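Written out below as structure tokens is the structure these notes cover.
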Amino acid sequence: NINIIITSGAVSAGKFDYIPSVVRSFQLSNYFKSVAIRPGKPILFAKIKNNQKAIFGLPGNPMSSAACFRFFVYPYFEKILGLSAEKPIKAVLKNDFLKKKNFTRFAKSKLNTTKNGKIEVEILRGQESFRIKSFVKSNIWTLLPAGKSKFKKGQIVDCFFPNHLNTPFVLFFRALRLYSILHFVSLFPSSSSLFHFFFFLFFFFFFLFFFSFFFFSFLSSLFSFSSP
């Protein structure tokens, strides 16, 4: 009673990369191998005909495997669980970056917020897929689409958290931005402490309620999907 098969490694073009030939031995309704992305180019996806069981063949390289799981497996989970489409976190790029034009790039990055609530992201050095230090230091993926090679400081780019969906955090950053705006336009300095107290109280309970609702809804959908 398996719905999804996920493998890691043996999907490229080496002597012992046997996963593609094994997968093609089944009767398939869908199949693709290799995508114009970095890291993660050798990824494989297939569906077995009739029962529609999905197969994901992730590359063995740790960075490639992590990127492919986040940008291929996660969205598949979203779809089969009936979740709404994930929206990217919009951030201001803090540094220039150059990539190959014909590839979509998932860049290891560091996200932070400024005092005035602006969301910024820095693309870290060491983007090669074999470099793990930059991955450990990162806290987000920056998605740089194909069709463009130069990305300049100050541009707005799309970002995705590496190990969970963006949805609750998009609202968090919007609320943070709203707070910064209200803080600067407040016309009542004498009541600023009271304003901060009630705003944070409202924000805390709003975020707690939303996150709890999203989390338990996800678990409920997951268990209902897993049950026979």
Side-chain angles (χ1 to χ4, degrees), residues 6-14 16-17 19 32-45 56-78 86-174 176-177:
I6 302 174
T7 66
S8 178
V11 295
S12 192
F16 299 103
D17 292 332
I19 294 294
F32 70 76
K33 170 73 173 65
S34 297
V35 182
I37 59 172
R38 287 188 178 174
K41 182 183 176 182
I43 185 173
L44 176 152
F45 173 79
F56 287 92
L58 307 185
N61 179 285
M63 303 306 104
S64 299
S65 188
C68 289
F69 189 89
R70 181 60 179 87
F71 292 102
F72 288 87
V73 181
Y74 257 40
Y76 186 81
F77 285 162
E78 283 183 310
E86 183 181 12
K87 294 182 179 180
I89 292 173
K90 302 288 185 178
V92 179
L93 190 59
K94 293 178 66 176
N95 55 323
D96 296 340
F97 187 75
L98 184 67
K99 71 171 187 66
K100 289 191 174 183
K101 185 176 181 180
N102 296 331
F103 282 80
T104 294
R105 187 68 186 244
F106 306 124
K108 295 168 278 187
S109 308
K110 189 81 171 179
L111 187 79
N112 70 282
T113 57
T114 63
K115 291 182 179 180
N116 64 354
K118 184 169 68 172
I119 307 170
E120 296 181 332
V121 65
E122 176 189 3
I123 297 179
L124 301 175
R125 293 182 178 181
Q127 287 299 317
E128 296 86 354
S129 61
F130 63 85
R131 296 191 182 275
I132 297 179
K133 184 177 180 180
S134 54
F135 183 67
V136 174
K137 290 174 62 178
S138 69
N139 61 6
I140 205 158
W141 290 105
T142 299
L143 193 157
L144 305 173
K148 186 176 180 180
S149 60
K150 296 180 180 180
F151 294 82
K152 295 184 178 180
K153 178 181 178 180
Q155 285 186 234
I156 304 297
V157 292
D158 292 344
C159 300
F160 294 84
F161 284 106
N163 53 5
H164 47 69
L165 301 177
N166 283 346
T167 308
F169 296 90
V170 171
L171 291 183
F172 170 82
F173 285 123
R174 286 179 181 174
L176 183 64
R177 180 61 176 165

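Treat the numbers as computed from the prediction; the structure is a model and nothing was measured.
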Sequence neighbours excluded and cut-off under 3.5 Å, please list the side-chain donor-acceptor pairs for residues 140-162, or say none.
unit_1 : atom_1 : unit_2 : atom_2 : d
T142   : OG1    : S109   : OG     : 2.7
Q155   : OE1    : K152   : N      : 2.6
D158   : OD1    : K90    : NZ     : 2.6

Taking the side chain from N139 and the backbone from L111, do they hold a donor-acceptor pair closer than 3.5 Å?
yes
Answer yes or no: is there a donor N or O on one side and an acceptor on the other, between the side chain of K108 and the main chain of R131, under 3.5 Å?
yes
Could you state the interatomic distance from [atom1] ([X]) to [atom2] ([Y]), rounded to the nearest 0.5 Å?
X: M63; Y: Q127; atom1: CE; atom2: CD; result: 10.5 Å
X: S12; Y: I43; atom1: OG; atom2: CD1; result: 12.5 Å
X: T114; Y: K94; atom1: OG1; atom2: NZ; result: 9.5 Å
X: N95; Y: K110; atom1: CG; atom2: NZ; result: 14.0 Å
X: Y74; Y: E86; atom1: OH; atom2: CD; result: 9.0 Å

Of S65, C68, S129, the residue whose pairing with P39 passes side chain to side chain contact (heavy atoms under 4.5 Å, CB included):
S129
Near K33 NZ, under 6.0 Å, is it more than 12 heavy atoms from other residues, nucleotides or ligands?
yes
Around F130, counting heavy atoms of other residues, nucleotides and ligands shown, do more than 12 lie under 6.0 Å from its CZ?
yes
Identified ring pair (Phe, Tyr, Trp, His ring centres under 6.0 Å) counterpart of F56 within the set F72, Y76, F69, F77:
Y76
Residue pair I119 / T113, side-chain heavy-atom distance below 4.5 Å:
yes
Measure the shortest side-chain to side-chain distance between K99 and R38 over non-hydrogen atoms and say whether it is less than 4.5 angstrom.
no
Is the distance between the ring centroids of F106 and F71 under 6.0 Å?
yes
Nearest heavy-atom pair of V121 and A91: which atoms, and what distance?
CG1-CB, 3.8 Å
Can you give me the closest heavy-atom contact between A107 and I123, atom names plus distance?
CB-CG2, 3.8 Å
